[in-house]
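Residues: numbered from 1 along the sequence shown.
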Amino acid sequence: MKGFRETIETALGEFIERHTGVKAAFKPSKAAHLATSAFYTSDAEGIAARLFANASDCTLLNAPLLSNVRAENGWLLFFFTADAIDAYANTLPPAEEPDDFFFARRLWIAYRHADAQTPDDPALLDGFFAVLFGAPNAEQRWLSAPRRHDGNARAALERRLSRMAKILLWERRKTP
């Protein structure tokens, strides 16, 4: 089974090629969940608008993948949905308890909460995809995202991280 990262890159790459005729290469981005150059053209905004207009064609396991596409400084910036996380997490078997590495233990704690729909919180999604695509300081970004909320809102958000944690635990198993 492909990992979530590879599944996203395949689905997004096929979508881009279908609508532009160009095979894209992806890079992690601080400004988005994932980015690719605008194919060396001066019309990045036009390409982004065309892709966003057809975003409903870009799905992952029958769930919408793209929530937004923007152009910035010659790059196409892609933002993904919480629905794609839920769809992929539902295909995975239960995660196994990790070693004592701090981030893995935090993932295990989040995973052990009741299975619930992934929150559509922008900071949380940014942190999750940063971890998934290997951006610098990504683990801290994801762990600190719920801290933007106070009290009950924070606790409610933290109880809905199970599916994100499950995916990240499985992704960690594939890397030495």
Would a distance-only check, ignoring hydrogens and angles, find a side-chain to backbone donor-acceptor pair under 3.5 Å from N54 to D57?
no
For the pair Y111 (side chain) and A95 (backbone), establish whether a donor and an acceptor sit closer than 3.5 Å, ignoring hydrogens and angles.
yes
List for me each residue that meets side-chain hydrogen bond (donor to acceptor under 3.5 Å, both in side chains) alongside D115, sequence neighbours excluded, and say none if there are none.
R163
Closest non-hydrogen atom pair between L76 and A44, with its separation
CD2-O, 3.6 Å
Could you report the tightest heavy-atom contact between A31 and R70, atom names first, then the distance?
O-NH2, 3.9 Å
Side-chain contact, heavy-atom cut-off 4.5 Å: F80 with L34?
yes
Going by heavy atoms in the side chains, are V131 and F103 under 4.5 Å from each other?
yes
I'd like to know if the side chain of D86 and the backbone of Q117 have a donor-acceptor N/O pair within less than 3.5 Å.
no
Donor-acceptor check, side chain of S29 to backbone of A35, threshold 3.5 angstrom: yes or no?
no
Scanning both residues in full, the closest heavy-atom pair of F26 with E9 reads CE1-O, 3.6 Å
Whether F128 and F4 hold their rings parallel, tilted or perpendicular, with breakpoints at 30° and 60°:
tilted
Identify the heavy atoms of A123 and R148 that sit nearest to each other, and give their distance.
CB-NH1, 3.0 Å
For the residue pair F129 and F133, categorise the inter-ring angle as parallel (less than 30°), tilted (30 to 60°) or perpendicular (more than 60°).
parallel
CG of L125 to OG1 of T118: how many Å apart, nearest 0.5 Å?
8.0 Å
Measure the spacing between NE2 of H19 and CD1 of I47 and express it to the nearest 0.5 Å.
13.5 Å
With distance as the sole test, does T10 use its side chain to make a donor-acceptor pair with the main-chain N or O of T7 at under 3.5 Å?
no
Looking only at heavy atoms, the pair that brings A87 and L61 closest together is O-CD1, 3.6 Å
Only counting residues at least two apart or in another chain, list the ones meeting side chain to side chain contact (heavy atoms under 4.5 Å, CB included) with A11.
L65
For W170 and P93, indicate whether the former's side chain and the latter's backbone hold a donor-acceptor pair under 3.5 Å.
yes
One should read off an interatomic distance between D120 CG and I85 CD1, to the nearest 0.5 angstrom, of 9.0 Å
Measure the spacing between CG of L12 and CZ of F78 and express it to the nearest 0.5 Å.
5.0 Å
Work out which heavy atom in L132 is nearest to a heavy atom in E171; give both atom names and the distance.
CD1-CG, 3.7 Å
Could you go step by step and tell me if E97 and R105 meet the salt bridge (charged side-chain N to carboxylate O under 4.0 Å, His left out) rule?
CA-CA 8 Å; E97 189 168 354; R105 298 302 300 170; 3.1 Å; yes
Indicate yes or no: does E14 engage R18 in a salt bridge with an N to O separation below 4.0 Å.
no
How long is the straight-line distance from CH2 of W142 back to CE of M164, given to the nearest 0.5 Å?
7.0 Å
Would you mind checking if R160 and D121 are paired as a salt bridge, meaning a charged N to carboxylate O distance below 4.0 Å?
no
For the hydrophobic clusters of this structure (ILVMFWY residues joined by side-chain heavy atoms under 4.5 Å, transitively), does one cluster hold both L157 and I109?
no
Rounded to the nearest 0.5 Å, the CD atom of E45 sits from the CD atom of E72 at a distance of 10.0 Å
Determine, step by step, whether H33 and D126 satisfy the side chain to side chain contact (heavy atoms under 4.5 Å, CB included) criterion, reporting the C-alpha distance in whole Å, the side-chain angles of both residues, the deciding distance to 0.1 Å, and the verdict.
CA-CA 6 Å; H33 298 157; D126 289 349; 2.8 Å; yes
Start with the C-alpha gap between F15 and L66, add the side-chain angles, then the distance that decides, and say whether side chain to side chain contact (heavy atoms under 4.5 Å, CB included) holds.
CA-CA 10 Å; F15 167 74; L66 291 174; 3.7 Å; yes
Starting from L77 and following side-chain heavy-atom contacts under 4.5 Å between hydrophobic residues (I, L, V, M, F, W, Y), which residues can be reached?
W75, F79
Can you check whether A84's main-chain N or O pairs, donor with acceptor, with T81's side chain at less than 3.5 Å?
yes
Sub-3.5 Å donor-acceptor pair from the side chain of Q140 to the main-chain atoms of N137, do we have one?
no
Would you sort out whether E139 and F102 count as a side chain to side chain contact (heavy atoms under 4.5 Å, CB included), showing the intermediate values?
CA-CA 10 Å; E139 294 171 352; F102 175 76; over 6 Å; no
